[in-house]
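One-based numbering along the sequence shown. Predicted model, so just to flag it, every value in this text is computed and none were measured.
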Amino acid sequence: MTRPMFQSAPSRRTVLAGGAALGALALSGGWQRALAAPLLTVESLTLDVNGKAAKVFAVKGPSGEGLFAKEGDRLTGAVLNASQSPAVMHWHGQIFAPPDQDRARPDGGELAPGGIDQVDFRLTPGTHWMHSHTLSEQQLLAAPLVTREADAGDVQDVVMMLHDFSFRSPEEILAELGGANTHGGHGGHGMGQQMQGMPGMAMSGMDHSGHGMGAMGAGQGAMPGGAMHGGGMQGGGMPGDGMPGGGMMVHANDVAYDAFLANRRTLADPDVVQVEKGGRVRLRIINGGTATAFFITVPGLKATCIAVDGTPCVPLAADAFPLAQGQRIDLLVEIPASGGAFPVLAQVEASPRRTGLVLATAGAAIARVGETADRPQGLLDLAFEGQLSALNPLAVRQADKVFPIMLGEEPGYRWTINGRIHGEDVPFSVQQGERVEMTFLNPTGMSHPMHLHGHHFQVVGIGGRRFSGALRDTVMVPPHTPVTIAFDAGQKGEWFLHCHHLYHMATGMMAVVKVA
């Protein structure tokens, strides 16, 4: 059985060595050098999943799959598409990457097979990742992009990257859901730019508390967005309680998957990472699932969250940690002096199915961990989110622009932002340096992990409660609970705002934030 090389569990020494390799490439400079030794290569390969071969993608770096660097490094060199398919690479969480170096840009720009990109930007510290921005993400075209913080301390870093996996093609999955791909050419703005006064236009002069949302929310209440699609509740999903005010049943997991992977392996043959007795381990967990949210648990160990989406937070312990699509979480655990084997589990939202890896000290007996838990998890909610707070929050200031973001669903598996699919959307126009607030309203029957390219934002409101929450780049918006984020408009350019459920994004739930 052939497996791709995956640097899933770098020790402190390995991470630093990876950073040195990256630095050497960066300092060498020069197009000829980059051509001779691409910094990153997108490849096609065969992966064994439960005894069956599957064609997937991988992103290879200097020391294995993905990139592992240290704070202060630059990503400088060539990206080679050695696969047989076009590639659209997004540097998720990299706020210093200029828009013209992100292949996920509004004007399209797929990297053709055999094509080469040249990139050069300072890496953002923390646990981030890179992934395709088209349906090929479902075929594992994704990899870690971890930049170890200067103050990380004497801990062993262990990366766990999660995927949902299907032997069917993403095109087949989308057809089963009943949707049509609107994202293939990244769309223009079409008729949307000619429509003035429609959703997506800024409302300036509103106060920092977000008052004034009520009128816009009520005015859009009659927009399409209430219809339940026919593809719901597959793959172990279950309906939640009927929600007041609309009677819609909340559900998850609208794609039936064949397996769930941690570092490209199932619990039938998990990644086993050697750790030291009495040592500290920093689990860097990336949800690369295209349509699946997870709950993270570490049975037998106390786990403390120290960062989300690559940004430090006030340490917060919990028994289970929610992780929506696109999100990352860093958990600190201490291995007992007596040693042992400890699973790190990711259980699918609203399902008993799970995946994970195992931390084990030398000589420890490793018990088989079943791929099905005793009982299903519930639906992700914002209870944990509401307890998080950033170590370095945004400065308190008045919002210059406030936008309502109505998330909707229309018949035919069309997912919308402010009543429009991507290609018909009106850009959210802001000026560089402006404080921007967005309040997401979700009357649909599914949660939507909303991701903003090129920025980190702070979660500042859940429901009617204002608070100083975590800094993120992806926030989960459950049905019928408004979520407010704030950010300072960064680099000039056009930046996608979209749902990180791949099939919601592909069928329309994407817009553009234009920074002038």
Ignoring hydrogens and angles, state whether a donor on the side chain of [X] or [Y] is under 3.5 Å from an acceptor on the partner side chain.
X	Y	result
H92	H131	yes
D309	T311	no
T290	Y257	yes

- Step-by-step side chain to side chain donor-acceptor pair (under 3.5 Å) determination, Y413 to D254: CA-CA 11 Å; Y413 204 81; D254 59 351; 2.7 Å; yes

Once you round to the nearest 0.5 Å, how far does [atom1] of [X] lie from [atom2] of [Y]?
X	Y	atom1	atom2	value
M160	I285	CE	CD1	4.0 Å
R353	T292	CZ	OG1	9.0 Å
H422	M505	NE2	CE	9.0 Å
N181	Y503	CG	OH	10.0 Å
L407	N418	CG	CG	8.0 Å

- Task: Output yes when E65 and K60 qualify as a salt bridge under the 4.0 Å nitrogen-oxygen rule, no when they do not.
- Result: no

- Is the shortest side-chain N to carboxylate O distance from K401 to E434 below 4.0 Å? yes

With distance as the sole test, does [X] use its side chain to make a donor-acceptor pair with the main-chain N or O of [Y] at under 3.5 Å?
X	Y	answer
Q377	S351	no
Q491	I95	yes
N287	R328	no
S136	S132	no
R264	L140	yes

Check: [X] ring centre within less than 6.0 Å of [Y] ring centre:
X	Y	value
F165	F260	no
F403	F428	yes
H90	F496	no
H163	W129	no

- Message: Go through it in stages, so that I can follow the logic: the residues are T416 and E409, the test is side chain to side chain donor-acceptor pair (under 3.5 Å), and I'd like the CA-CA distance, side-chain angles, deciding distance and then a yes or no.
- Response: CA-CA 6 Å; T416 62; E409 179 182 5; over 6 Å; no

- Query: Under a 4.5 Å cut-off applied to non-hydrogen side-chain atoms, are I405 and T439 in contact?
  - Reply: no

- Item | H448, H455, H453 screened by ring pair (Phe, Tyr, Trp, His ring centres under 6.0 Å) with H451, the one that passes | H453

